[in-house]
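Written out below as structure tokens is the structure these notes cover.
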Amino acid sequence: MRLPGQLILGAVLSALFIAAAILSLFWTPYAVEALEISNKLKPPGGGHWLGTDHFGRDILSMLMVGARTSIAVAVVAVGIGMAVGVPLGLLAAANRGSLLDEVVMRGNDLVFAFPSLVIAILITAVFGPSALNAILAIGIFNIPVFARVTRGGALSLWTLDYVLAARVAGKGKLRISLEHILSNIVNLLIVQGTIQFSLGILAEAGLSYVGLGAQPPLPSWGRMLADSQTLISLAPHIAIFPGLAIVLTVLGLNLMGDGMRDLLDPRLRRIR
Amino acid sequence: MLRFVLSRLISLGLSLVVASLVIFTVIEVIPGDPAAFMLGLNAAPDTVAALREELGLSGSYLSRYLAWAFGMLTGDFGTSYTYRVPVADLVGARLWVSLPLTIYALILSTLIAVPVGVLAAARRGGPADFGIMGATQMGIAIPNFWFAMLLVLIFAVKLRWFGAGGFPGWDRGIWVSLKALTLPAVALALPQASILARVMRSSLIETLGQDYMRTARAKGLTQRQAVLGHALRNALIPVMTIIGLQFSFLLAGAIIIENVFFLPGLGRLIFQGITQRDLIVVESVVMLLVFAVILVTFLVDLAYAVIDPRLRRAT
Amino acid sequence: MQISGLSMTIHGVPILRDVSFAVAPGEIFGLVGESGSGKSMTALAMMGLLPRGTQVSGRVGFEGVDLLTQGERAMCGLRGREIGMIFQEPMTALNPVQCIGDQVAETLVVHGAATRAAAQAAALERLVRVGLPPDRFAPDRYPHELSGGQRQRVCIAMAVALRPKLLIADEPTTALDVTTQAQILELLRDLVEDEGMSLMLITHDLAVVADMADHVAVMRKGQVVEAGRTETLFRTARHPYTRQLFRDSGHAPQRAARVQPAPVLEVRNVVRDYPLKRIAFWGNRPMFRAVDDVSLTIRSGESVGLVGESGCGKSTLTRAILGLDPVQGGTITLDGAEVHAGHLAGAVRARMQVVFQDPYGSFNPRHKVGRLVAEPFHLLPTPPDDRRARVAEALRAVGMEPGDQDKFIHEFSGGQRQRIAIARAIVIRPGLVILDEAVSALDVTIRAQVLDLLADLQGRFGLSYLFISHDLSVVRAITDRVLVMQAGRIVEEGRTEQVFNSPAHPYTQQLIAATPRIPEEWLAA
Amino acid sequence: MFTRLKTTTAALVLCASGALAQDSITIGMQLEPPNLDPTGGAAAAIDEVVYANVFEGLTRYQADGSVVPALAESWDVSEDGTVYTFHLRSGVKFHDGTDMTAEDVKFSLDRARAEDSTNAQKALFKGIASVDVVDDVTVKVTLSAPNGGFVTNMAWGDAVIVAPESIDTAATAPVGTGPFKLGRWVQGDRIELVENPDYWGNKPALKSATFKFISDPTAAFAAMMAGDIDAFPGYPAPETLAQFGADPRFQLLIGSTEGETILAMNNKSEKLADVRVREAIAHAINRQEIIDGAMFGYGTPIGTHFAPHNPDYVDLTAQSAYDPEMARNLLAEAGAENLTLTLKLPPPSYARRGGEIIASQLRAVGIETEISNLEWAQWLEQVFKGKDFDLSIVSHTEPMDINIYARPEYYFQYENPDFQALMTELDLAADPAKRSEILAAAQRMIADDYVNGFLFQLARTGVADARIRGLWPNSPTQANDLTGVSWAE
């Protein structure tokens, strides 16, 4: 069977990444703020497993702390998307065809119509570049994603008899949405959340790459890549390791998301 | 059909009005005075004031919004603060890079994704499927700027098959221009193709499970005939949505790639516009992009009607 | 067609065991069984269209050739040319993006029987044959422009385009209304006669088989339990399962109705309009009148049936009565209180409950049975302290164990779920229970049990039932009075026996005539 | 005779073939000029394209920083140093074919100093009382007070002579008198210059030139390596210079700029008002580490706000030598332990990278910094205009700009009447020895006051094809003077 393999690989990669982030709270091989210019661009090996960067900082330590940054940005961004998008989607579905539904859906389309990176740049132009603003920019674009997924999932549930039964039992739309709809689209939301999480990591990397994400001295994978770009032919390791960290993490999360979808979907179908 | 088109057009117009208000307001609150930026460190305050007046930056919010909005309706996008040329000319020139690049990348990604997706779906669960799915997962996970860098390093710096970037202009010859766009198009197409291949695969797999596929087989069609004759067209419907979304994404989202390859495209125009506080360029181009996205969505909807007869009646 | 010793496993799970029967040329062969008995798998095995992971043994002989040993290429040559097949769901069995003429012509083209142009002409001819003349149903139409019955006709045209020797029809009419069903069955019968082909009719409906088939085989759990000439089999029914099946299919529960004169529900001149999709952005939305001036009364302890074909307005009326949708005219009174959608007092709402058709969609899979059954307590001003006890009592009343409250719904079978649905409906002791196609999705034996249960509960709790169904035989078995609904209007109303025995309205007559029935004398024995 | 003719022909043929192969150049630039009017825009990129190539002034800079006559063949200065009479070159034509006359000079200068002028360096013209046309080739400029630097001022890109009739379109269609005229401008990509056949002076070896705009350092590296660019005088990725140096295809152009890179301190900020704190910061900084880490070794340490290549430069680096122990003591003395300062950084890599290094050096003496990376526009708004900062890093690239310390409203808010008096004195002094003396005093004064942290003189790091000759190694003003550039055989 292939599905668990995919899921396990994804889970292992994701767990590795989360573990590195947690570990970095207590211990890193070197301090990431400590510059040692004389020790710069050391190849992997010796005291520095993954070498040092152009300031002589330990790349492994930076990657570990960078994982924390990525997680923080992605978690909050997905959180914003869910916190706003899910209620909107639930409301829209509960009042299908109403003005509210129309406004939510058109609003969604409108947000989708805006080029996301451009808006992110505009946001940072307004508030200045920082990890927080990167979160905000990514989070805003997560809202319609979750609103749409929620509404889509909820609409099909609203046609089911048990929702009708709940209405016959005199329950209001709000209560039904919370009690019957939300609990049954949790699967969908988890899967979508995983995907958005990995997209958030990619987006943070992209924003940091153009200098709009987390600010130094806070390490960020995207900025590590950006900083190392010109050095790639001189000291390939300083560009390769952050790149690999992004690829493997995103890969892990995507595999996990897909694996979960495969795992959860058939059961959903059977229940319906 | 006409009614369908008309009602869609009206909602399209409304979306544009809302979008223009949002854009104008956001741009309005961006700190940084274009005039001060243009004049640099040693400028005297009265110089800055003179320039502000010249650029038309004084005046109320509403009057400037209306001037801008009505200007756009008549095709007058205003004059760039920094370049001092009509924004329409700037955009026009950039469009000749961004649009071909987008189409190039889109064609590439479709040409790769559709056969690959079909193959994966047909060999579902087999090693080919496994390999393709793994590759597409990688394709999605690789940041495209990173991929672009690797392309430049290998094909421009090491092998010297392509230039490292830049765009000579269509008047220098179609092949030269296409060659200049090849690496950027590949860099853009890789993640898009990966997404598209996955959508193609899952859409086809879903279609393969439909009752009419069983009907087709019961008619005596081979699996291959059934897939090509019946499943593919149905499976293309969700794929088209993605292609439509990708078009708009590529048109606007190529900023980073345009930077890596120093292409004079729309994305870089915006980026540059923001850093140089050439806000009139920013708002006009963003508006144009939003318009393009809405228009493409509209066209995709129309294309649906061509593929799917169920939507042809006045839906 | 000669099937002998056919056995099958899917991923090691046995599906068919030693299935043997024969379909003679020119005859109609019925294959009957409840859901999951392996009927469809048998048919797919005959077509060589089994899902992956299937292991088959035995022999499927067709004109002296064992189809199980044929290669894929040979089977492709056979399918459509020698053996045609139609399926249950005409709505999804056709490619939505290809016009019907092309889909029929494809059968001919694939087998090289005709050039493209000739195939179109032949397709036209086949469409005419199945009752879709080009002047009314142009071959360049798309499936979504046709009704279910018309689509099934297209499917038949496709299957018989090359005049196969055998047509396999897998539940061809299950998804159709009773009058349409009669027409399709008529068409199939005609085709068998005219074209001299054999028909293998797979169905769960004994009445259809009795009506159509020359020979019958009864399947149960992957095995053929009994086979023979139709009439003989019905009359003798040696196997206990067959006998039970026959008994349950015509089951009429013992009812001890104590009808009081006081009306529980009064519906007066109710009108319900639906806004349709806007035609133009600026114009008014056109309205569709789904329920047109309907009046009905249900007295305490009475069972009232409401019959009609799909789309006649039954469900819309139900929703209006339940206070889920507003009405545009007329009044609905429940126990003297008027029913208004939107702001219906819990106390009023508590007087009526509902049981739906689909035992799978009726429950939130995330909640335990106890919570599901207790849901109507929400209607009471103060939730009772003895919730668990009352749920347990309701469960016991429907023949379930009180301990079942702590289980999830997916642990129960369809019939059990329907019992739980009934438990939920009666847990707050309503006066009126609306049964919206409540037994339609159940197999006959389960259906018989549920009908018994309903009758029993009515007696014990003095319930009134509004029994909504398209299945006339069920309505006949359990109701005191019946209303016939057509296109939003009640066209006939009366005591059940009277309406069924001497229908007055032409539509009622048509409905009753179209309902296949097992001849009474066959079952008498 | 015969042989002579033969060699000449050979030389001609050689020239011709050489010219055919290499009479154009592609120059990389990090920033695109927003417009091409050096008298109406501040951006250095404008001058980098047009200075000496398209536009000329009365005088001009040379590669070594000296100022020589350009459109003015010569000039006389009155006794009291207030009246300059410029004798213009005759027969000079603008690119549009019109003659360049004294009227044009008067127009250009009057336009630049006008009330509503948008000239970014209005101060250059501040002292002009009047400009009078004497005849077609003679202009008399009267100053309100003597100004020893006036001739140098006239060499700035902001003081070039423009054609009055071209003013409305000057931003996009520059009309000057230089050896090149604008061929085509593909906005966002490149500017092409073509030869001006009517040029009054010596024809340059190049027939055309392309300026290509590549802002991304990585892309610049790739473009250089791939041979898309012939020369990148302001090459933005010093970290890769070693690679180019090792490659025989390339030559390095390492020189000096007028850019004093400073750790700007907000002198009015509560935390930095105490000179001991500023002194502590100055001692906390390890200049060499910054030059190594941020500029990969390119750059000259400075101890005051003055270019080291200037003959009047005084080396004061020892006064603020790296001494963390002393820095800590000074901080303790000032009672400024647990100091947290904002450090706002503009986009250039010297600032971004230098900022990280300085942050770490300050941390070592107990000063925490909050770094925020700003775009130029934000930097101008917050730091330059709003003065909302404690520390910033920026390179002041205007030549001889020590006078900014006399402006109390200038962003680092240094207010010292003595210094202001010195500058007034400087303006009035025409005697070179006196000027040197005043400049030295000024340098010492700002070093003593630890106005800013003086880091290093920005190096001009350029890369070019090994066969190119004649590019300026240093940049006394922002320019890519192509008049002397040629390809080696």
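Order of the sequence lines sets the chain letters (A, B, ...), proteins ahead of strands, with each chain counted from 1.
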Legend entry - Distance (rounded to the nearest 0.5 Å) between A/Leu225 CG and B/Trp146 CH2: 5.5 Å
Legend entry - Segment of B/Met138 engaging chain A (4.5 angstrom heavy-atom cut-off): both
Inset, instruction - Could you tell me which portion of B/Val282 (side chain, backbone, both or neither) has an atom closer than 4.5 angstrom to a non-hydrogen atom of chain A? - result: side chain
Legend entry - From B/Ile142 atom CD1 to A/Ile246 atom CD1, the distance as rounded to the nearest 0.5 Å: 11.0 Å
Legend entry - Point-to-point distance, once rounded to the nearest 0.5 Å, from CZ of B/Arg198 to CG of A/Asn254: 7.5 Å
Inset, instruction - Please list all pairs passing the salt bridge (charged side-chain N to carboxylate O under 4.0 Å, His left out) test where one or both residues lie in residues 134-149 of chain A, with sequence neighbours left out. - result: A/Asp109-A/Arg148
Inset, instruction - Enumerate by number any residue of residues 193-209 of chain A whose heavy atoms lie under 4.5 Å from heavy atoms of chain B; in the absence of such residues, state 'none'. - result: A/Leu202, A/Ala205, A/Gly206, A/Tyr209
Legend entry - Leading residue by heavy atom contact count with chain B [cutoff under 4.5 Å; candidates A/Leu251, A/Leu248, A/Thr249, A/Leu253]: A/Leu251
Inset, instruction - For A/Arg96, look at atom CZ and say whether over 12 heavy atoms of other residues, nucleotides or ligands are found less than 6.0 Å away. - result: no
Legend entry - Side chain / backbone / both / neither for B/Val285 at chain A, heavy atoms under 4.5 Å: neither
Inset, instruction - Examine whether an atom of B/Ile140 lies under 4.5 Å from a heavy atom of chain A, and if so say whether it belongs to the side chain, the backbone or both; otherwise answer neither. - result: both
Inset, instruction - With sequence neighbours left out, write down each residue that passes side-chain contact (heavy atoms from CB on, under 4.5 Å) with B/Ser284, or none if nothing qualifies. - result: B/Trp68, B/Phe77, B/Val87, B/Ile280
Inset, instruction - Answer with side chain, backbone, both or neither: which region of A/Ala239 has an atom nearer than 4.5 Å to a non-hydrogen atom of chain B? - result: both
Inset, instruction - Select one option (side chain, backbone, both, neither) describing which atoms of B/Leu150 are under 4.5 Å from chain A's heavy atoms. - result: side chain
Inset, instruction - May I ask you to check whether over 12 heavy atoms, not counting those of B/Tyr65, lie within 6.0 Å of atom OH? - result: yes
Inset, instruction - Specify which of A/Leu244, A/Val250, A/Val247 makes the most heavy-atom pairs with chain B at under 4.5 Å. - result: A/Val247
Legend entry - Neighbours of chain B found in residues 134-143 of chain A - heavy atoms under 4.5 Å: none
Legend entry - Value rounded to 0.5 Å, distance of CZ in A/Phe114 from CG in B/Leu289: 10.5 Å
